[in-house]
Amino acid sequence: MSQESPPMTSHRPYLLRALYEWIADNGMTPHLLVDAARPAVQVPVHAVKDGKIVLNIAERAVSHLEMGNDAIRFSARFGGVSYPVSVPVQAVLAIYARETGQGMALPDDVHAAGDDGDLDSDMENNEEGVTTTLSAVPSNPSPEGDDDGPQSPTPSPRRGGHLRIVK
């Protein structure tokens, strides 16, 4: 890709909203797993365990739920006391249905490390030292065929059934 493409916004808030709707539409209870140690996370400290908190964000459990592009905000009761909750989207580790566990652990956002949208600098800032290489898929099909590996020989024709009807 020789042309500079404009930076894209984070995909995390869109994934969160879509999965929230999917879980709620199926009559399940959406829960968020949040890294409470991240900056700007506002949750009751007494509900945090091992630096994480699980938040029930079902419509019946919270009031004034706002799932914005930067943060998720709502009021919820913890031990019978109402607290305002604000969670930056970057602090959400997963969203899942309490009843089935189905949902998604959210991937790290590519642009979370830098504000300039430069993928190369984001990869260099990676703390674990893991280098990720992304490349575009060519739009022209390969003349050699697909990448499914070696093709197996043509399967032999099926024989007739070996069972017979006895009257």
Side-chain angles (χ1 to χ4, degrees), residues 1 5-119 122-123 125-128 130-139 141 145-149 152 155:
M1 292 185 9
S5 59
M8 293 182 68
T9 59
S10 173
H11 61 281
R12 294 173 71 86
Y14 299 94
L15 289 173
L16 285 169
R17 286 190 292 264
L19 288 165
Y20 172 86
E21 185 176 345
W22 172 68
I23 292 168
D25 283 354
N26 281 283
M28 304 289 175
T29 310
H31 277 58
L32 295 178
L33 176 62
V34 175
D35 182 354
R38 292 273 183 108
V41 173
Q42 296 176 0
V43 295
V45 178
H46 69 274
V48 176
K49 291 186 179 141
D50 298 324
K52 295 180 177 47
I53 185 170
V54 175
L55 299 170
N56 177 352
I57 58 169
E59 189 175 337
R60 66 185 175 275
V62 299
S63 62
H64 309 296
L65 177 64
E66 296 176 22
M67 297 183 79
N69 287 344
D70 297 324
I72 299 170
R73 294 179 184 86
F74 56 90
S75 293
R77 293 191 173 273
F78 294 85
V81 179
S82 183
Y83 287 91
V85 175
S86 180
V87 177
V89 170
Q90 296 301 325
V92 178
L93 302 173
I95 181 170
Y96 62 94
R98 180 187 68 202
E99 295 82 356
T100 63
Q102 288 184 304
M104 175 185 249
L106 295 173
D108 287 335
D109 202 357
V110 173
H111 298 293
D115 294 331
D116 59 359
D118 183 13
L119 183 61
D122 290 347
M123 293 304 155
N125 291 335
N126 191 344
E127 291 179 27
E128 293 95 62
V130 177
T131 303
T132 304
T133 304
L134 302 176
S135 62
V137 177
S139 59
D146 57 16
D147 290 338
D148 290 341
S152 60

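What you see is a predicted model, and the numbers here were worked out from it, not measured in a lab. All values below come from the heavy atoms of this structure, side chains included, with hydrogens, waters and symmetry mates left out. Counting begins at 1 with the first residue of the sequence.
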(message) Pair I53, L55 - check side-chain contact (heavy atoms from CB on, under 4.5 Å), show working.
(response) CA-CA 6 Å; I53 185 170; L55 299 170; 3.7 Å; yes

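- Partners of A71 under the side chain to side chain contact (heavy atoms under 4.5 Å, CB included) rule, at least two apart in sequence or in another chain, are R73, S86.
- Atoms OH and CD1, on Y20 and I57 in that order, are 6.0 Å from each other to the nearest 0.5 Å.
- Counting only residues at least two apart or in different chains, ring pair (Phe, Tyr, Trp, His ring centres under 6.0 Å) contacts with residues 47-82 comprise F78-Y83.
- Residue G68 comes nearest to P13 through the heavy atom pair O-CB, 3.7 Å, listed as atom of the first residue, atom of the second, then distance.
- Judged as a side chain to side chain donor-acceptor pair (under 3.5 Å), not a single pair has a partner in residues 45-55 (not counting sequence neighbours).
- Judged purely by atom type and a 3.5 angstrom limit, R77 has no side-chain atom pairing as donor or acceptor with the backbone of V62.
- Taking 4.5 Å as the limit, every side-chain heavy atom of I72 sits out of range of all side-chain heavy atoms of E66.
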Going by atom type alone, with no hydrogens or angles, which donor-acceptor pairs under 3.5 Å involve a side-chain atom of residues 29-42 and a protein atom two or more places apart or on another chain?
residue	atom	partner	partner atom	Å
T29	OG1	R60	NH2	2.8
T29	OG1	E99	OE2	2.6
H31	ND1	T29	O	3.3
D35	OD1	A37	N	3.1
R38	NH1	Q90	O	2.6

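- Checked against side-chain hydrogen bond (donor to acceptor under 3.5 Å, both in side chains), R17 has the following partners two or more places apart in sequence or in another chain: N69.
- In this structure, CG on L106 lies 8.0 Å from CG on L93, to the nearest 0.5 angstrom.
- With contacts defined as side-chain heavy-atom distances shorter than 4.5 Å, the pair M67/L16 qualifies.
- A distance of 11.0 Å separates CG of L19 from CD of Q102, quoted to the nearest 0.5 Å.
- With sequence neighbours left out, N56 forms a side-chain hydrogen bond (donor to acceptor under 3.5 Å, both in side chains) with no residue at all.
- The distance from atom OG1 of T9 to atom NE2 of H11, rounded to the nearest 0.5 Å, is 10.0 Å.
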